2 protein chains.
Amino acid sequence: MPPFIPPLSDRSKTVPALSTERNLVSFPIEPLSEFLHGKERLETLRRIRSQLEQDPVFSNADKPFLSRENMYVRSLEKISHLVELKKKNKWDEDTMMIAMLMIGDSTPMFLHEALFIPTLKSQLSDEQQKTWLPKAENYEIFGCYAQTEMAHGSNLRKLETTATFIPETDEFEVDMPTISSMKWWPGAMARTSTHCALYARLVLHGKDYGVHPFLLQIRQPGTHQPVPGVEIGDIGPKIGFNTIDNGFLRVRKVRIPRTQMMMRNSQVTREGKYVPAKNAKMNYATMVAIRANIVRNSGFALGQALTIAIRYSLIRLQGGDRLPSQKNEELKILDHGMQRFRLTTSLALSYAMLMTGRVMNELHQKNLKNVLQGDVGLMAEVHATSSGLKAVTSDLATAHVEDTRRACGGHGYTWSSGIVELYTTLLQDVTVEGENTILHLQTSRWLLKTVLQAGQTKNLSAVPSGLRPALANPSILDREKALIIPGSPLTREAMADAFWHREARVLQEVLSRVIRDGAGEEAMAKSQVKMVELSRAHGEGMLVRNFYEALEKEEESILSKKGNPQTGYLPILKRLCELYAVHRLLVQSGDFMEDGYISRDQIAWCKDRRDELIDSLRTELVGLVDAFDFSDNQLNSALGRYDGRVYESLYEWAKYGMSIQQKGKDGGVLGFDEVMKNVFEEGRRINSSAATSKL
Amino acid sequence: MPPFIPPLSDRSKTVPALSTERNLVSFPIEPLSEFLHGKERLETLRRIRSQLEQDPVFSNADKPFLSRENMYVRSLEKISHLVELKKKNKWDEDTMMIAMLMIGDSTPMFLHEALFIPTLKSQLSDEQQKTWLPKAENYEIFGCYAQTEMAHGSNLRKLETTATFIPETDEFEVDMPTISSMKWWPGAMARTSTHCALYARLVLHGKDYGVHPFLLQIRQPGTHQPVPGVEIGDIGPKIGFNTIDNGFLRVRKVRIPRTQMMMRNSQVTREGKYVPAKNAKMNYATMVAIRANIVRNSGFALGQALTIAIRYSLIRLQGGDRLPSQKNEELKILDHGMQRFRLTTSLALSYAMLMTGRVMNELHQKNLKNVLQGDVGLMAEVHATSSGLKAVTSDLATAHVEDTRRACGGHGYTWSSGIVELYTTLLQDVTVEGENTILHLQTSRWLLKTVLQAGQTKNLSAVPSGLRPALANPSILDREKALIIPGSPLTREAMADAFWHREARVLQEVLSRVIRDGAGEEAMAKSQVKMVELSRAHGEGMLVRNFYEALEKEEESILSKKGNPQTGYLPILKRLCELYAVHRLLVQSGDFMEDGYISRDQIAWCKDRRDELIDSLRTELVGLVDAFDFSDNQLNSALGRYDGRVYESLYEWAKYGMSIQQKGKDGGVLGFDEVMKNVFEEGRRINSSAATSKL
């Protein structure tokens, strides 16, 4: 097992450059950590984490230096220890999920716990669950989620795998007739899983009933070899997420009992009769939860990158030494205006995502409660808007994590920065759980349909509130003016109004095109680019409004506990919120100026105000990232350590890596004896014979 | 040696989906390839490439599946074969550089050929070159470029390594007293190099003369072990470029002869007297050439990604099957508006970069000629603008390569897409050869200084032409209106005017701030964010103007050869150029609207015109990427193969990968016997004892 290398921070040995900065932070960190995580949950996180970080099996220090295969085996070792700890400490599901988070590494366990078991719970009948859940929960079997095929991901209607009912034997015959119909991508499939939740077209008496879930065993107990008729393989390396064994699966005419169709919803009787599902809305609720989670996780992922970059920017010195005021001393890179601008605006974004994740989650809970009581009124809007919001946040999060990596200069390019693995793994978020463009189109299609319907019924109640005035009276758009008052802080009303106005204008543009083209699906297909713009505008507006809303609720909560919302972190978060709103407006200023909504003076003031806010937050930054509460092993970064021992750590880590890397022949320099020795000798021969011939 | 797997395309077996599309292209491909590469050079490229692609040592098919160490050893095998071929075929330097490009992989050879040898040529005196050049050119020694230290990259003034003259023995003593003074990053240093060009502070009789180049041997012949007093190591994995052994070097009080100071420019006499360099401008010329190269390479890198994505988008079907017009058939993903929008605008960018690289290179040649004749008049502008241009293009290229990767959906996430390695390696361009923010500041500082000086002398001739009118009469900025005529194609004049106007406005803003703050370095430091904006505006304008200029020259060239510029590729490139200009304007439309320069109607027309241009280019796209002339082995992509055998290729490649990957114990499934077997057995034990206890 690797040691925790570079050694985890001893907080008492923090370098002065960081401890001095921490003393400048105006608010206590701990209450903010409690606000971000929830007080109880924070305690649990820390308790579990400190338990894990006593055991070197959970050290991430060796990860950069392992081959992909060894990285996978190491992740299995982590899994195996997690299972032991779970059983020993009688962890419940939630605690297990927390532990998986706290190890700061992805393992195939995620697919089993967060995807396979929930699928069993939502898709198996009660009777079926009695058979299968204990197997899965005690890890007698290990499962994955087999939906995507080589040629089809997003368009589920066109999946090719079939499950054909064989009345004679009361079985289904599963088949993947073509290469393109192979399952391709399922995580934990290549090597880890014994079973999968298989999505296949249900065929009964020659009729195709569309895609349904089945439970399929893919490997044999004891040997772990594929069952007959099944071919399993590894799809190969990816840009990130390489601890996970994404695999492929080809099944040729394999029979499974009818009872292995997952029958909680739709069913097939012994006679081969199809009984359709009563209520499929619950699936949408799950998707909403997963997306709310992506929003929140995006916030923390960016927060993790910023923890690294902001701490490093207080240690790293660079340039400025020729400025008379600097007297030949270099500046901390955070004190370069451009660096401060990038990191502070990114930090505002990470908080915006955390706050909107909070609001989305509350909305999801409310919606779930309604749905359980048979009220699906909120469903369409929550589902549709969660689509575009996931797309907006994953786009922004990946772009800003990458920008943050770049803000670490050359060292940001190395794995030991801690941002490489974070970024490349986060990159999947723009594609999984709904590819972003497709999600944007979902949101827009819902918005347009709602608006078109409202136009017919003359009832605007289903339309988001901020869009109603302009729909009722389109000409007001041209008269509306921004509520920004040069010289005064930007109010919540001014910012909300601006984002609603922009969205209403884009809506009007796309609506008139779509109506011109016939108002149907063909018309929408023609206006894809505009539709994506509309959904982006909608998601951007939500991020702004939700940030304000979450802070307002927190203010009420503080007041209700007789606290003082004028002190502590809340005033700081309010500045971050204002910064977030004005920065997003400026980044896309054309959208707000196009119809004269914002004047030149207002834009000029927005820019000045942004500068003011960034300057005012300078000494709070380290506190705002410390509050995320990432441990050094989670960060796995030489640059972002709590104690700031950056350069020593880069050196120690490189030397540790060399100690476990492959050597050359007889322990020599890798590649020298094997290859380069001959090249150099041949060079020497040529030169010495040339020298000789000159004599 | 790996086979070329998936087998290189047999063009006669191209899938119909692609061959049909190729028949729709309106122009012959070959003349465009000749225009892009130069006719003679294209022939050489192809000749060398076909020679290399007969030898499986140059197959890139195994690369994704190799550990970092084995990836490095494989790159040495490629080096060794390149050296053989060079000697056998008597390749000159240029041909060797072409061969290094044509293998479609990065090797440490790049550092020796493109950095170490040029440094020897530009920094060693003629006498010194006689000793060292043959050694390097015949590969008796192998060198790298050791400048960057752990704590200092961009600010060369603060490098810490010292070379202190020891008069008694006529030697320098090289020392790196601290961890932060270690050389950190040099490519080919960790394992490959025997020598390095070392940048160290020259200390004579206790006085510091600043940073100078020295030649230092770091490894011993025969054993390749570090020479005494020298510690060498590997800095560890990076996000990309992992075939290159970036290393660290620590030297403690090692003596080298005085004659190993590189003395072409500055010199130190036997007495320890310092003789300063006469003309350091040549170094700047080299930097300009390297940056012009980055601009051109950015264009080709993006072109490579687009070759993959555009071909794949003609094979991959996805959705649209519910549109009545589609009759249950899915659309090619290129026929989704959003996909076409992304890829076509990115393609316009890749051509813009190629064209501007062309213009920059001509400018560089002209400047070089001038400098050799003692005329440094062009130097400041060429050097300064090349800085910001490198920053703009590397920012745009990396963003668009990544967007192109995403446009390939899930398969874009795998290494077999061919875009993963391309992207992660390209990412270094935003940091190397001048970190982008610092480069932007250089360009801006030059612009501001030139303008401030012109203000004093009342002579605007040194100021870029498009900025002069507004400097002479600032109030005209508020009166200028865009030359865009709704309903008519956008003219070169209109686009050039728009980008000059925007730059002049930004210049005016930053100028007034800087003057307000005292007009010195401190004032500029305060306005970093604005200064970066100014340099971006400058670089963006150059890309637009250079694209038009390159096409105009090509038109003249065609006419001079009695060709017809109305047929063939030129009209298509003109549409791409117009698209490029209008798209960049729209992406940043706020910048052009802020002062009322562009009206709402003009913006609306720009959007419509952009749509028209994109639609008109739909059937030309595959021709425009085929013309880049990448071979399948260079692309190393299952998605972008010339023949379009995408799905078969994904499957074949995955199976090949499995055949060379590490297996588990006794050839079983990796990780099962080692770890998971116990987990599953324990699960079975728990479940069966629970079942027993229930009985």
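Note: hydrogens, waters and symmetry copies are ignored here, and every other heavy atom, side chains too, is used. This structure is a prediction, so every number in the text was calculated from the model and none was measured. Order of the sequence lines sets the chain letters (A, B, ...), proteins ahead of strands, with each chain counted from 1.
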Check: Can you tell which of A:Gly657, A:Pro221, A:Pro64 has the highest number of heavy-atom pairs within less than 4.5 Å of chain B?
Finding: A:Pro64
Item checked: Engaged part of B:Ile179 at the chain A interface, taking heavy atoms whose separation is under 4.5 Å -> side chain
Check: Non-hydrogen atoms of chain A under 4.5 Å away: do they reach the side chain of B:Thr437, the backbone, both or neither?
Finding: side chain
Check: Is it the backbone or the side chain of A:Ile598 that comes under 4.5 Å from a heavy atom of chain B, or both, or neither?
Finding: neither
Next item on the list: Answer yes or no: is there a side-chain heavy-atom contact under 4.5 Å between A:Glu522 and B:Pro324?
Entry: yes
Margin query: With rounding to the nearest 0.5 angstrom, report the CD to CG distance, A:Glu140 to B:Asn687.
Written below: 4.5 Å
Note to self: At a heavy-atom distance under 4.5 Å, which candidate from B:Val432, B:Thr223, B:Leu331 has the highest pair count against chain A?
What the structure shows: B:Thr223
Item checked: Residue part contacting chain A, namely of B:Val675, when any heavy atom lies under 4.5 Å -> side chain
Note to self: Let's test your reading of the structure: which of B:Glu330, B:Lys677, B:Lys135 forms the most heavy-atom pairs below 4.5 Å with chain A?
What the structure shows: B:Glu330
Checklist line | Which atoms of A:Leu323 approach chain B - backbone, side chain, both or neither, heavy atom under 4.5 Å | finding: both
Next item on the list: May I ask you to name which of B:His152, B:Arg157, B:Glu137 has the most heavy-atom pairs under 4.5 Å with chain A?
Entry: B:Arg157
Note to self: Less than 4.5 Å to any heavy atom of chain B: does that hold for the side chain of A:Leu317, its backbone, both, or neither?
What the structure shows: backbone
Item checked: Derivation of the side chain to side chain donor-acceptor pair (under 3.5 Å) call for B:Asn246 and B:Lys238 -> CA-CA 9 Å; B:Asn246 294 80; B:Lys238 297 144 287 175; 2.6 Å; yes
Checklist line | Region of B:Gln588 in contact with chain A, defined by heavy-atom distances below 4.5 Å | finding: neither
Checklist line | B:Leu76 versus B:Pro108, closest heavy-atom pair with distance | finding: CD2-CG, 4.3 Å
Check: Is chain A contacted by the side chain of B:Met524, its backbone, both, or neither, given a heavy-atom distance below 4.5 Å?
Finding: neither
Item checked: Part of B:Tyr423 within contact of chain A (heavy atom distance under 4.5 Å) -> side chain
Item checked: Side chains of A:Thr398 and B:Arg406, donor plus acceptor under 3.5 Å -> yes
Note to self: Which atoms of B:Glu69 are under 4.5 Å from chain A, going by heavy atoms: the side chain, the backbone, both sets, or neither?
What the structure shows: both
Next item on the list: Counting only heavy atoms closer than 4.5 Å, note whether B:Gln225 contacts chain A via side chain, backbone, both or neither.
Entry: side chain
Notebook entry, point to check: Checking heavy atoms, do the side chain of A:Tyr72, its backbone, both or neither come under 4.5 Å from chain B?
Noted result: side chain
Item checked: Interatomic spacing from NE2 in B:His224 to CZ in A:Phe680 - rounded to 0.5 Å -> 5.0 Å
Item checked: Interface residue of largest heavy-atom contact number with chain B, from A:Ser67, A:Ala151, A:Gly337, under 4.5 Å -> A:Ala151
Next item on the list: Say whether B:Tyr647 and B:Arg316, considering side chains only, have a donor N or O and an acceptor N or O under 3.5 Å apart.
Entry: yes
Margin query: Heavy-atom pairs under 4.5 Å with chain A: which of B:Lys530, B:Arg405, B:Lys526, B:Glu681 has the most?
Written below: B:Arg405
Next item on the list: Determine, for A:Arg600 against B:Asp478, whether the closest basic-nitrogen to carboxylate-oxygen distance falls under 4.0 angstrom.
Entry: yes
Item checked: Region of B:Val679 that comes under 4.5 Å of a non-hydrogen atom in chain A -> both
Note to self: Using 0.5 Å steps for rounding, measure from the OG atom of A:Ser527 to the CD atom of A:Glu509.
What the structure shows: 10.5 Å
Notebook entry, point to check: Given a strict heavy-atom distance threshold of 4.5 Å, which part of B:Met676 is in contact with chain A: side chain, backbone, both, or neither?
Noted result: side chain
Notebook entry, point to check: Considering only heavy atoms, which portion of B:Ser75 lies under 4.5 Å from any heavy atom of chain A: side chain, backbone, both, or neither?
Noted result: neither
Notebook entry, point to check: Looking at A:Met531, A:Glu84, A:Lys158, A:Glu435, which has the largest count of heavy-atom pairs under 4.5 Å with chain B?
Noted result: A:Lys158
Margin query: Between A:Val430 and chain B, with a heavy-atom cut-off of 4.5 Å, which part of the residue counts as in contact: side chain, backbone, both or neither?
Written below: side chain
Item checked: Under 3.5 Å donor-acceptor, A:Asp234 side chain and A:Gly236 backbone -> yes
Check: For the atom pair CZ (B:Phe65) and CH2 (B:Trp653), what is the distance rounded to the nearest 0.5 Å?
Finding: 7.0 Å
Check: Between A:Gly409, A:Ser589, A:Gly222, A:Ala190, which has the largest tally of heavy atom pairs under 4.5 Å with chain B?
Finding: A:Gly222
Next item on the list: Work out which heavy atom in B:Lys87 is nearest to a heavy atom in B:Asn138; give both atom names and the distance.
Entry: NZ-O, 3.6 Å
Notebook entry, point to check: Could you state the interatomic distance from CG (B:Leu427) to CZ (B:Phe241), rounded to the nearest 0.5 Å?
Noted result: 12.5 Å
Margin query: Side chains of B:Gln326 and B:Asp321 only: does a donor on one sit below 3.5 Å from an acceptor on the other?
Written below: no
Margin query: Between A:Glu521, A:Met182, A:Lys655, A:Glu77, who has the most heavy-atom pairs with chain B when the cutoff is under 4.5 Å?
Written below: A:Met182
Notebook entry, point to check: Side chain, backbone, both or neither: which part of A:Ile686 has an atom under 4.5 Å from a heavy atom of chain B?
Noted result: side chain
Notebook entry, point to check: Distance-only, no hydrogens or angles: does the A:Thr424 side chain make a donor-acceptor pair with backbone N or O of A:Val420 under 3.5 Å?
Noted result: yes
Next item on the list: State whether a side-chain donor-acceptor pair under 3.5 Å links A:His336 with B:Gln528.
Entry: yes
Notebook entry, point to check: About how many Å separate CD1 of B:Ile239 and CD1 of A:Ile419, when rounded to the nearest 0.5 Å?
Noted result: 10.0 Å
Notebook entry, point to check: Heavy atoms, side chains only, cut-off 4.5 Å: are B:Leu650 and A:Trp184 in contact?
Noted result: yes
Checklist line | B:Thr431, part contacting chain A, at a heavy-atom distance under 4.5 Å | finding: side chain
Margin query: Counting heavy-atom pairs closer than 4.5 Å to chain B, which one of A:Asn436, A:Asn70, A:Val587 comes out on top?
Written below: A:Asn70
Next item on the list: Among B:Arg68, B:Glu648, B:His411, single out the residue with the greatest number of heavy-atom pairs under 4.5 Å to chain A.
Entry: B:His411
Next item on the list: Would you mind checking which part of B:Met658 comes under 4.5 Å of any heavy atom in chain A, side chain (CB onward), backbone (N, CA, C, O), both or neither?
Entry: side chain
Check: What part of B:Tyr413 gets closer than 4.5 Å to chain A, counting heavy atoms only: side chain, backbone, both or neither?
Finding: both
Next item on the list: Decide whether B:Thr178 and B:Arg250 meet the rule of one side-chain donor and one side-chain acceptor closer than 3.5 Å.
Entry: no
Checklist line | Region of A:Asn678 that comes under 4.5 Å of a non-hydrogen atom in chain B | finding: neither
Check: With respect to chain A, which residue among B:Arg685, B:Arg340, B:Gln662 yields the maximal number of heavy-atom pairs within a distance under 4.5 Å?
Finding: B:Gln662
